[in-house]
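Notes to accompany the following structure.
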Amino acid sequence: MGKRGIHIFFVVLVGLAVALSVWGPEALSGYQDRSLLGKIHRQETEASGEGYRYELSAVEKVYVLSQALGSVSPAEDGGQGNLPFAGGVYRENGGNYAFVTSQRSPSGEDISGEAAYGMCSRGLRELKEAGILPESVEEAVPEFYEAVLYSAIDVRDPRSYVEVWKLSLSDRIRGVRKENRLMDIYMDADDGKIYEFYARTEWGWEEIDPDAIARAWCNYLGLPEPSACSEVNPLGEATPYFKKYVVSGASEERTVMTVGYYEGIRELFVKVSW
């Protein structure tokens with residue numbers, strides 16, 4: 001090839017490069033549009049923060065619950081210890097924690113009480129296996145109980161909350177035998193762990209080992225070993241049969257746990273307070 005041929009080849013090559021730079025992107029875009037239009041394409045993406053829930057530890061959960069229960073008024077008509085139920089209405093006393101009814105489950109779905117009974121049955125079996133309750137205590141069934149979902153919330157940090165089911169033996173049903181029955185129970189709406197209960201049992205106080213129950217209850221919930229509570233007000237309970245413990249957490253958080261017994265009605269209870 002002579003010099004003239006090389007010159008012509010070079011001119012043609014430059015022309016092609018210029019043409020591609022001008023028309024190439026538009027042609028490529030049109031080709032991509034034709035390949036995408038009229039077809040369904042699937043692409044998995046991660047939505048930042050979608051569905052994220054701040055998870056509390058077991059110690060944090062019982063602490064928030066104890067503080068929230070302490071933010072409402074105690075029972076006015078005797079009842080079970082310091083359950084915050086008076087005349088069918090929960091009343092807030094103010095403060096940094098709240099205990100309010102909830103309309104949705106922790107997953108955000110509309111709730112019904114049906115799921116609570118299956119959770120309660122599993123939790124009751126675990127308490128019996130741990131020696132916290134006798135085998136004679138009957139399961140909670142929908143015919144005799146009422147289930148309400150509550151949120152215990154740290155209002156200063158709304159991420160710090162725990163959803164709990166409260167199951168109560170209904171007062172509207174006449175003639176229900178109360179021996180060997182659960183009277184009230186609070187349990188985690190996520191995993192069904194039982195945080196507090198009142199149960200009529202066949203046990204007498206002399207048959208109950210509060211220290212063993214406290215250790216078994218903490219082990220069941222995944223809490224640290226409880227220690228004896230040194231500050232006890234003998235007039236703080238409506239029964240002389242009780243023993244209090246402290247469950248310590250981070251940042252000076254402490255939850256008071258009480259194992260107690262009402263002698264006349266043979267009712268054993270484990271509760272949390274602050």
Side-chain angles (χ1 to χ4, degrees), residues 59 61-95 97 99 127 130-134 137 150 152 164 166-169 171 178-187 194-221 223-249 253-274:
V59 174
K61 283 184 175 184
V62 295
Y63 178 76
V64 170
L65 179 60
S66 67
Q67 295 292 317
L69 289 175
S71 73
V72 290
S73 63
E76 295 177 342
D77 57 350
Q80 284 74 37
N82 68 346
L83 281 178
F85 189 72
V89 179
Y90 279 82
R91 302 179 305 177
E92 295 183 27
N93 287 339
Y97 293 83
F99 191 68
L127 293 186
I132 298 172
L133 283 173
V137 175
Y150 289 93
V164 294
K166 179 177 186 286
L167 267 64
S168 303
L169 187 65
D171 292 330
K178 295 182 178 180
E179 294 83 1
N180 293 310
R181 284 195 185 276
L182 293 169
M183 302 302 293
D184 287 288
I185 190 169
Y186 288 97
M187 62 184 181
I194 295 172
Y195 294 121
E196 183 168 312
F197 69 83
Y198 291 77
R200 304 282 175 93
T201 75
E202 61 187 5
W203 288 344
W205 179 246
E206 67 281 356
E207 302 173 76
I208 296 171
D209 184 346
D211 293 344
I213 288 179
R215 289 192 299 269
W217 185 81
C218 287
N219 182 65
Y220 157 74
L221 287 178
L223 299 172
E225 191 82 4
S227 57
C229 184
S230 58
E231 303 172 2
V232 178
N233 178 6
L235 302 178
E237 299 292 337
T239 173
Y241 305 106
F242 69 90
K243 191 168 183 179
K244 292 184 179 290
Y245 306 84
V246 173
V247 178
S248 299
E253 294 176 352
R254 63 192 294 272
T255 300
V256 176
M257 168 197 176
T258 305
V259 178
Y261 182 79
Y262 296 113
E263 184 179 33
I265 53 178
R266 304 178 73 86
E267 186 167 299
L268 170 66
F269 63 87
V270 175
K271 67 176 182 178
V272 293
S273 58
W274 53 290

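In this structure a side-chain-to-backbone donor-acceptor pair under 3.5 Å is missing from Y195 to S66.
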**Item:** Check against ring-ring contact (aromatic ring centres under 6.0 Å, His included), F99 and Y150
**Value:** CA-CA 7 Å; F99 191 68; Y150 289 93; 4.8 Å; yes

Candidate pair Y245 and D211, rule side chain to side chain contact (heavy atoms under 4.5 Å, CB included), full reasoning
CA-CA 9 Å; Y245 306 84; D211 293 344; 2.6 Å; yes

Next item on the list: Any chance you could lay out the side chain to side chain contact (heavy atoms under 4.5 Å, CB included) test for K178 and R200, step after step, and finish with the verdict?
Entry: CA-CA 7 Å; K178 295 182 178 180; R200 304 282 175 93; 3.8 Å; yes

Query raised in the report: Do F197 and I132 pass the side chain to side chain contact (heavy atoms under 4.5 Å, CB included) test, and can you show the C-alpha distance, the side-chain angles, and the key distance before you say yes or no?
Result: CA-CA 11 Å; F197 69 83; I132 298 172; 3.7 Å; yes

Margin query: Quick one, V259 with W217, criterion side chain to side chain contact (heavy atoms under 4.5 Å, CB included). Give me CA distance, side-chain angles, the key distance, then yes/no.
Written below: CA-CA 10 Å; V259 178; W217 185 81; over 6 Å; no

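Donor-acceptor pairing under 3.5 Å is recorded for the side chains of T258 and K244. Side-chain contact, K166 with S168: a donor N or O sits under 3.5 Å from an acceptor N or O. Between the side chains of E267 and Y261, no donor N or O sits under 3.5 Å from an acceptor N or O.
Contact annotation: the side chain of R254 never approaches that of Y63 to less than 4.5 Å [non-hydrogen atoms, C-beta and beyond]. You'll find the side chain of L167 stays beyond 4.5 Å of the side chain of L182, heavy atoms only. Here the side chains of R215 and N219 are not in contact, with every heavy-atom distance at 4.5 Å or above. Within the 4.5 Å cutoff, the side chain of W203 has heavy atoms near those of the P134 side chain. Contact annotation: the side chain of V59 approaches that of P224 to within less than 4.5 Å [non-hydrogen atoms, C-beta and beyond]. Counting heavy atoms from C-beta on, the side chains of F269 and Y262 come closer than 4.5 Å. A 4.5 Å side-chain heavy-atom check between C229 and M257 finds every atom pair outside the cut-off. Taking the side chain as every heavy atom from C-beta outward, L69 and E196 approach each other to under 4.5 Å.
Under the side chain to side chain contact (heavy atoms under 4.5 Å, CB included) rule, I185 has a single partner from I194, L169, L127, which is I194.
Electrostatic pairing of E237 and K243 does not count as a salt bridge here, judged by no charged N lying under 4.0 Å from a carboxylate O.
To the nearest 0.5 Å, atom CD1 of residue I213 and atom SG of residue C218 are 12.0 Å apart. Here E253 contributes atom CD and Q67 contributes atom CD; the two are 8.5 Å apart, rounded to the nearest 0.5 Å. For the atom pair CG of L223 and OG1 of T255, the computed distance is 8.0 Å after rounding to the nearest 0.5 Å.
Around atom OH of Y241, no more than 12 heavy atoms belonging to other residues, nucleotides or ligands sit under 6.0 Å away. In W205, the CH2 atom is crowded: over 12 heavy atoms of neighbouring residues, nucleotides or ligands sit closer than 6.0 Å.
A pairwise comparison of heavy atoms in A152 and A68 identifies CB-CB, 3.5 Å as the closest pair.
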